[in-house]
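This report refers to the structure that appears directly beneath it.
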There are 2 protein chains.
Amino acid sequence: MNSKRQTLVDTALNLFYEHGINSIGINQILKVSGIAKKTLYHHFDSKDALVLATLEQRNHSFNEWLKHRLNHSKTNSEVISNLFHALQDWFSDKAPELGKFRGCFFINTSAEFSDPSSDISKYCQYHKQQVRNIVAQYLFNPTEDLLDAICILKEGAISMAYVANDLSAPKKCIQLLNKF
Amino acid sequence: MNSKRQTLVDTALNLFYEHGINSIGINQILKVSGIAKKTLYHHFDSKDALVLATLEQRNHSFNEWLKHRLNHSKTNSEVISNLFHALQDWFSDKAPELGKFRGCFFINTSAEFSDPSSDISKYCQYHKQQVRNIVAQYLFNPTEDLLDAICILKEGAISMAYVANDLSAPKKCIQLLNKF
DNA sequence: GCCGAAGTAGACAATTCGGTCTACTTGTTT
DNA sequence: AAACAAGTAGACCGAATTGTCTACTTCGGC
């Protein structure tokens with residue numbers, strides 16, 4: 001793994017996630033990372049290519065964190081509880097792997113890139129599919145309905161936390177799913 | 001109501017909602033609306049002030065549309081059904097008052113404006129609170145739990161529709177809430 | 001008609017944007 | 001040491017950004 005390339009992706013991801021992709025120009029990324037512009041364009045064809053690399057990195061770290069949090073679940077009830085407690089920790093800045101909570105990087109990115117056919121938008125969609133698959137992997141014989149419910153509530157909890165500043169949604173999701 | 005001001009807000013709202021606020025500069029709004037720059041700055045102190053006006057207009061039209069869709073509901077079950085069918089229509093571009101579906105303007109705006117203390121972010125939060133109050137107004141003796149569940153699922157359905165391109169979430173939310 | 005308000009086209013300013021490039025240095029491999 | 005890859009500072013480019021301004025026209029009220 002190339003070290004300069006990694007520094008660029010790390011720096012860009014942090015800045016993009018914190019401020020929004022269209023609010024951070026490449027010159028700011030270069031300034032913070034201390035890397036030369038030509039080096040950036042040596043590794044990435046364009047800003048969009050850098051954005052895609054940040055999405056991939058975020059996808060990877062999010063999914064690794066999620067799998068870690070769902071590991072050792074013994075029942076579906078535990079999967080659900082662990083999932084939403086993980087979300088709660090994320091919203092409360094208690095998931096250092098994910099950084100300071102600034103909503104979902106993939107939702108935010110979808111908001112900033114309006115063309116659904118772009119690689120960037122498609123990657124955001126892909127991420128959501130991957131998260132669903134990970135949850136399914138930890139559940140025992142899950143129905144599609146249960147999976148759907150979990151995913152909708154997960155998305156809802158994230159938006160509630162970020163837009164409405166209501167961090168209590170995960171607890172409510174657990175209760176709701178326990179009545180399912 | 002001033003006609004030039006209204007044209008500016010209409011035009012800006014359409015462009016912002018379709019492309020994202022940071023992807024549309026004021027020169028583009030002026031070009032599309034055919035209005036002079038000095039006129040824009042006569043009516044608004046800054047781009048941010050124009051953004052806030054678009055949020056207010058969107059908030060108003062969304063809430064009027066929602067109230068219209070929830071009107072005549074006779075039971076809580078009907079409120080829920082009408083709410084999520086309304087969302088379904090919105091996602092499927094069958095709510096002309098709301099324009100072509102491009103996610104939730106308030107979620108998208110929160111993504112683009114990262115400072116939670118800004119008037120713009122606060123307005124997005126205010127909108128979510130208003131929608132919750134409208135739903136509560138149409139429900140008969142709703143518990144806080146029911147209201148919470150409805151709001152979380154509503155947010156989840158919107159994100160599922162926009163990011164994951166899954167338009168079936170509203171139907172699933174109805175089923176889930178019927179088990180509540 | 002007069003006057004002030006509202007509106008116009010578009011130049012200007014300083015800055016930023018994403019990307020290309022020159023001329024050079026540093027690091028790695030043979 | 002030589003050759004090549006990787007990296008550097010930063011100038012340059014054309015375009016775009018937000019906001020200010022000049023000089024003028026149009027509109028509406030009296």
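Lettering follows sequence order; numbering is per chain, from 1.
Between B:Lys47 and B:Asn22, the shortest heavy-atom contact is NZ-CA, 4.5 Å. Taking each heavy atom of B:Ala95 and B:Trp65 in turn, the nearest pair found is CB-NE1, 3.6 Å. Between A:Leu8 and A:Leu50, the shortest heavy-atom distance links the atoms O-CD1, 4.2 Å.
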Discussion item. Go through it in stages, so that I can follow the logic: the residues are A:Lys128 and B:Asp166, the test is salt bridge (charged side-chain N to carboxylate O under 4.0 Å, His left out), and I'd like the CA-CA distance, side-chain angles, deciding distance and then a yes or no.
Written reply: CA-CA 11 Å; A:Lys128 295 300 178 185; B:Asp166 175 3; over 6 Å; no
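Residues A:Trp90 and A:Cys104 are in side-chain contact: their nearest non-hydrogen atoms beyond the backbone lie under 4.5 Å apart.
For the pair A:Arg132 and A:Glu144, the salt-bridge criterion is met [side-chain N within less than 4.0 Å of a carboxylate O].
In this structure, the CG atom of B:Leu8 is 15 Å from the C1' atom of D:dT18, given to the nearest Å. Note: CD (B:Gln28) to P (D:dT18) measures 11 Å, nearest angstrom. As a whole-Å value, the separation of A:Ile26 CD1 from C:dT15 C1' is 15 Å. In this structure, A:Asn27 atom CG and D:dT17 atom C1' are separated by 14 Å, rounded to whole Å. For the pair A:Leu40 CG and D:dT8 P, the interatomic distance rounds to 11 Å; values are reported in whole Å. Whole-Å rounding puts the A:Ile35 CD1 to D:dT8 P distance at 6 Å. The CD1 atom of A:Ile29 sits 15 Å away from the P atom of C:dT16 (whole-angstrom rounding).
Contacts between residues 46-55 of chain A and DNA chain C, defined by a heavy-atom separation under 4.0 Å, are made by A:Ser46, A:Lys47.
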Short N/O separations, protein against nucleotides 20-29 of chain C, under 3.5 angstrom:
none

Between the protein and nucleotides 4-6 of chain D, are there any N/O to N/O pairs under 3.5 Å, and if so, what are the atom names and distances?
none

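One side chain, B:Ser168 or B:Lys172, offers a donor N or O that lies under 3.5 Å from an acceptor on the other.
Annotation: cation-pi pair B:Arg58/B:Tyr17 present, NZ/CZ under 6.0 Å from the ring centroid and within 45° of its normal.
Screening B:Val51, B:Thr109, B:Asn59 for a side chain to side chain contact (heavy atoms under 4.5 Å, CB included) involving B:Tyr123 leaves a single residue, B:Asn59.
Aromatic ring centroids of A:Phe105 and A:His127 lie 6.0 Å or more apart.
Using cut-offs of 30° and 60° for the angle between ring planes, the A:Phe91 and A:Phe101 rings count as tilted.
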